[in-house]
Amino acid sequence: MFILNRVLFVGGIIAPQTASLPVMHFFACPCLISPKRNSPYSSVDSERYSSLVKAVMSSRVSSQTPETLQAEDEHIYGPVVKAQMPTHTERRVPKTTHPFFDYERTPEIEEPEPETPVRIPLNRGQGRSSVPSVTRVLQQTLSPEQIFYLERWKRRMISELGEEGFKEYSRNIFRQGKHFHSALEDYMTSAATAPSETPEYPPEVQGYMESISHILEDVGAVRAIESTVQHETLNYLGIVDCVARYRGVLCVIDWKTSEKPKPFLSNTYDNPVQVAAYAGALNNDKNYKYQVENGLIVVAYKDGSPAHAHQLNSELMSEYWRAWLLRLEDFTEQK
DNA sequence: GGATCCTTCTTCTTCTTC
């Protein structure tokens with residue numbers, strides 16, 4: 001029984017096409033005998049086959065539900081890390097509802113726009129080594145579902161590419177993301193210092209830059225690039241990609257590369273939480289004299305197709321800020 | 001000078017039947 005389940009499981013998950021082959025043959029054979037002569041079912045013991053159909057279909061269906069997959073996975077790989085379900089966390093309220101803004105500060109509108117963007121480098125040496133980063137907190141507080149689907153995806157990829165192939169693939173997508181970010185950094189810096197000059201991009205990022213060209217037209221007054229932000233009371237830090245005006249609105253902008261299209265905000269997973277975390281840190285970091293209440297997630301594509309831009313207004317940002325506070329709470333409780 | 005850090009990404013039950 002276990003072996004049978006395994007076969008179906010492996011087929012359903014790792015290689016759905018191969019899994020459906022035996023089933024297809026099974027059904028196809030009677031039909032292929034003589035599709036134009038008598039009824040394809042006339043020579044078939046339908047009673048007998050219908051029970052088989054039911055048996056096969058029911059086991060196929062059940063083998064592909066997340067619950068069964070998870071049970072199978074736990075059987076083989078051990079239980080996944082336990083954490084609260086997202087349905088619960090959505091209803092949860094942060095224990096300390098720390099404000100997103102520092103209301104004692106001057107509104108950003110009164111602050112003069114700087115001529116060149118700020119870039120505060122990360123300085124881990126100065127008593128910051130114990131301060132957790134946004135990425136670390138998000139990674140260590142993933143929901144069981146997220147962990148499950150990520151692990152499943154990873155296993156699928158390894159089964160296709162092999163261990164080494166998967167490592168190579170991961171290195172590549174990280175490298176592309178990094179190159180895209182440094183190309184953007186060059187673009188922003190040169191746009192501020194020498195607006196007439198258009199920097200040359202390495203071939204690897206040309207598609208991405210083309211993808212975001214229509215977004216860049218609406219980006220201006222860049223205030224910060226790749227700059228460290230640290231929340232003074234909540235004690236976490238991160239590096240914001242960019243703080244600039246998008247269509248006149250001051251935003252924390254997060255640039256992303258993606259192989260799959262991400263036309264909806266929900267396709268970006270934890271990205272909105274990440275952006276809210278950065279904005280909240282910036283709003284409570286004395287190195288920045290202004291407040292940012294909006295966010296923007298830009299997803300760029302390598303083939304140059306138009307990037308998707310997801311705007312986060314102040315209402316959404318406050319919502320994701322609460323989600324961030326919960327993640328931060330979970331992280332602290334884990335320790 | 002080596003080690004570590006922050007990032008850079010990756011996920012979302014599924015089929016028919018002309």
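Below, all heavy atoms of this structure are taken into account, side chains as well, without hydrogens, waters or symmetry copies. Per chain, numbering begins at 1; letters A, B, ... match sequence-line order.
- Between the CD atom of Q140(A) and the P atom of dC5(B) there is a distance of 11 Å, given to the nearest Å.
- With its glycosidic angle within 90° of 0, dT13(B) is assigned syn.
- Defined by atom type and a distance below 3.5 Å, a donor-acceptor pair is missing between the side-chain atoms of Y149(A) and E145(A).
- Rounded to an integer number of Å, the gap from R155(A) CZ to dT11(B) C1' is 12 Å.
- Every residue meeting the side-chain hydrogen bond (donor to acceptor under 3.5 Å, both in side chains) condition with D270(A), not counting sequence neighbours, appears here in chain and number order: Q146(A), R327(A).
- If you take CG of N267(A) and C1' of dT11(B), they are 11 Å apart, rounded to a whole angstrom.
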List, with names and distances, any nitrogen or oxygen atoms from the protein found under 3.5 Å away from nitrogen or oxygen atoms belonging to nucleotides 7-9 of chain B.
| residue | atom | partner | partner atom | Å |
| --- | --- | --- | --- | --- |
| dT7(B) | OP1 | I239(A) | N | 2.8 |
| dT7(B) | OP1 | Y278(A) | OH | 3.2 |
| dT7(B) | OP2 | T135(A) | N | 3.3 |
| dT7(B) | OP2 | T135(A) | OG1 | 2.4 |
| dT8(B) | OP2 | Q274(A) | NE2 | 3.3 |
| dT8(B) | O2 | K178(A) | NZ | 3.4 |
| dC9(B) | OP1 | T257(A) | N | 2.6 |
| dC9(B) | OP1 | T257(A) | OG1 | 2.9 |
| dC9(B) | O5' | T257(A) | OG1 | 3.3 |
| dC9(B) | N4 | Q139(A) | NE2 | 3.1 |

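- Applying the side chain to side chain contact (heavy atoms under 4.5 Å, CB included) rule to S211(A) yields the partners A300(A), Y301(A), A307(A); only residues at least two apart in sequence or on another chain are considered.
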What side-chain donor-acceptor pairs closer than 3.5 Å can you find for residues 258-265 of chain A, not counting sequence neighbours?
| residue | atom | partner | partner atom | Å |
| --- | --- | --- | --- | --- |
| S258(A) | OG | K260(A) | N | 3.3 |
| S258(A) | OG | K260(A) | O | 2.6 |
| E259(A) | OE1 | Y169(A) | OH | 3.0 |

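- Within the hydrophobic cluster formed by Ile, Leu, Val, Met, Phe, Trp and Tyr side chains joined at under 4.5 Å, directly or through other members, F174(A) stands alone, with no partner residue.
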Side-chain donor-acceptor pairs under 3.5 Å in residues 178-185 of chain A, sequence neighbours left out?
| residue | atom | partner | partner atom | Å |
| --- | --- | --- | --- | --- |
| H179(A) | ND1 | E204(A) | OE1 | 2.6 |
| H181(A) | ND1 | G177(A) | O | 2.8 |
| H181(A) | NE2 | D241(A) | OD1 | 3.4 |
| H181(A) | NE2 | D241(A) | OD2 | 3.0 |
| H181(A) | NE2 | W255(A) | O | 3.2 |
| S182(A) | OG | K178(A) | O | 3.1 |
| S182(A) | OG | H179(A) | O | 3.2 |
| E185(A) | OE2 | R119(A) | NH1 | 2.0 |

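- Following rounding to the nearest Å, E151(A) (CD) and dT11(B) (C1') show an atom-to-atom distance of 11 Å.
- Nucleic acid contact class of K154(A) (heavy atoms, under 4.0 Å, all strands): none.
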